[in-house]
Amino acid sequence: MKFGTKAIHAGVHPDKSTGAIMTPIFQTSTYVQDSPGVHKGFEYSRTHNPTRKALEENIAALENGQYGLVFGSGMAATDTLLRTLKPGDEVIVSNDLYGGTYRVFTKVHAPWGLKFHFISMEDINNIKGYINDNTKMIWVETPTNPLINIIDIKGAAEIAKAHNLLLAVDNTFATPYLQNPLDLGADVVMHSVTKYLGGHSDVVMGALVTSHHDLAGQLSFLQNSCGAVAGPQDCFLVLRGIKTLHIRMQRHCENGREIAHWLNQHDKVEKVHWAGLETHPNHTIAKAQMRDFGGMVSFTLKGDNLEEATRLMSNLKVFSLAESLGGVESLCTHPTGMTHASIPKEQRIKNGLKDTLIRLSVGIEDVEDLIGDLKQAIEYAVLTEA
Ligand SMILES: *Cc1c(COP(=O)(O)O)cnc(C)c1O
């Protein structure tokens, strides 16, 4: 089946008792058994729930994976995956990444005994210098948040295989519509389902997908034991959201393209970060591993003036100033003041993340209105005296 058909049908079957075409919200904690241990495959909703099961199968299918698991948030998914490691193990991590991932690695998992190396992976050969006998995992986020760097997943997978390491890819920004890391050799994919998969800014959820039977067994043991599961109502909302993922992504990409090019020719704009621009340093890899370039666009204004950037962000009318991304509505974020505040300033500077960077999650509104909004906000920002 092709992507759009899978988005609508994978994992979803008419309800056996009524014929309902939409998967019901099985709002139940427990399931009646015929006699002790004799049941219909469901015992308790931390372990299994039919609405959750439909969504888990659906997301697994979209990522071309065998096993899918959904969690109460993207961070819960990440935490569950890291719990398969043990104290003393080391992880090599791409340095430009979601602030919450940096926080859970450095403030939760490091004190517990894991060791993390945050490195630039735009040249994946950098990874090799950090591998030792304790290395167990490579963690890649691509496109990276918020600088939209692209990391070569296939290249990273070759290094991981040669050293018997697990390659995990945070595929939140690309979505399975644009990129399938498992097909490129990754072992496990993580999603903040909160973003494009849910797509409507009304759910917080995370997912893991893998085709490794043993890893899937470990993950589902941890999902049940630690209990950070997603609820049935939220699973229903995400199943509904995913039915239009391919259509939404097409428009996110079209609008992202127009906005990136418009910003790129604007005489007040210093730099645009969007992998579809031929001038983007990783454009060739992006073209090879992604089907299109997505709707996340970051930029800086000329002069590097934080007051101007702040005026711009505060004066948008169609874009809303808010954390998060991937919803139908356009959002604007100030990474260093909002999503990435948990990364220390010295580390941010090392990664090339300026305080003046503005990040857009380009929605699926009419692009003329979005460009008009950016135009007036830039004019206001640069013409107004501080
Ligand atoms: C939002 C986000 C996360 C965290 O997911 P939550 O659902 O907010 O817990 C992880 N990675 C990326 C790239 C994100 O954008």
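Whatever order the structure lists ligands and atoms in, that order sets their numbers, starting from 1. Quick caveat: nothing in here was measured; it's all calculated off a predicted structure.
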*Do Tyr31 and Tyr44 have ring centres separated by under 6.0 Å?*
no
*Would you please test Phe118 and Tyr102 for ring-ring contact (aromatic ring centres under 6.0 Å, His included) and show each step?*
CA-CA 9 Å; Phe118 295 92; Tyr102 181 86; 4.8 Å; yes
*For ligand 1, does Leu97 get within less than 4.0 Å through its side chain, its backbone, both, or neither, judged by non-hydrogen atoms?*
neither
*So is Phe173 polar-close to ligand 1, meaning N/O to N/O under 3.5 Å?*
no
*asked:* When you compare ligand 1 with Thr194, is there at least one nitrogen or oxygen pair between them that comes in under 3.5 angstrom?
replied: yes
_Sole candidate of Leu147, Leu357, Leu353 that passes side-chain contact (heavy atoms from CB on, under 4.5 Å) when paired with Ser298_ = Leu357
*Nearest to atom 2 (C) of ligand 1 by heavy atom, Met205, Glu141, Lys195: which?*
Lys195
*Just say parallel, tilted or perpendicular for the rings of His109 and Phe105, cut-offs at 30° and 60°.*
tilted
*Please state whether Thr339 comes within less than 4.0 angstrom of ligand 1, counting heavy atoms only.*
no
*Looking at Asp170, which atoms of ligand 1 are within less than 4.0 Å of one of its heavy atoms?*
10 (C), 11 (N), 12 (C), 13 (C)
_Check: Tyr177 ring centroid to His246 ring centroid under 6.0 Å_ = no
*What are the atoms of ligand 1, with element, lying closer than 4.0 Å to any heavy atom of Leu325?*
15 (O)
*Considering only non-hydrogen protein atoms, determine which one is nearest to atom 4 (C) of ligand 1 and report residue, atom name and distance to 0.1 Å.*
Tyr98 CE2, 3.3 Å
*Distance-only N or O hit between ligand 1 and Met75, under 3.5 Å*: yes
*Give a yes or no on whether the ring-centroid distance for Tyr67 and His212 is below 6.0 angstrom.*
no
*Does Tyr196 have its ring centroid less than 6.0 Å away from the ring centroid of His252?*
yes
_Regarding atom 5 (O) of ligand 1: of the candidates Ala207, Ser192, Gly206, Ser324, which has the closest heavy atom?_
Ser192
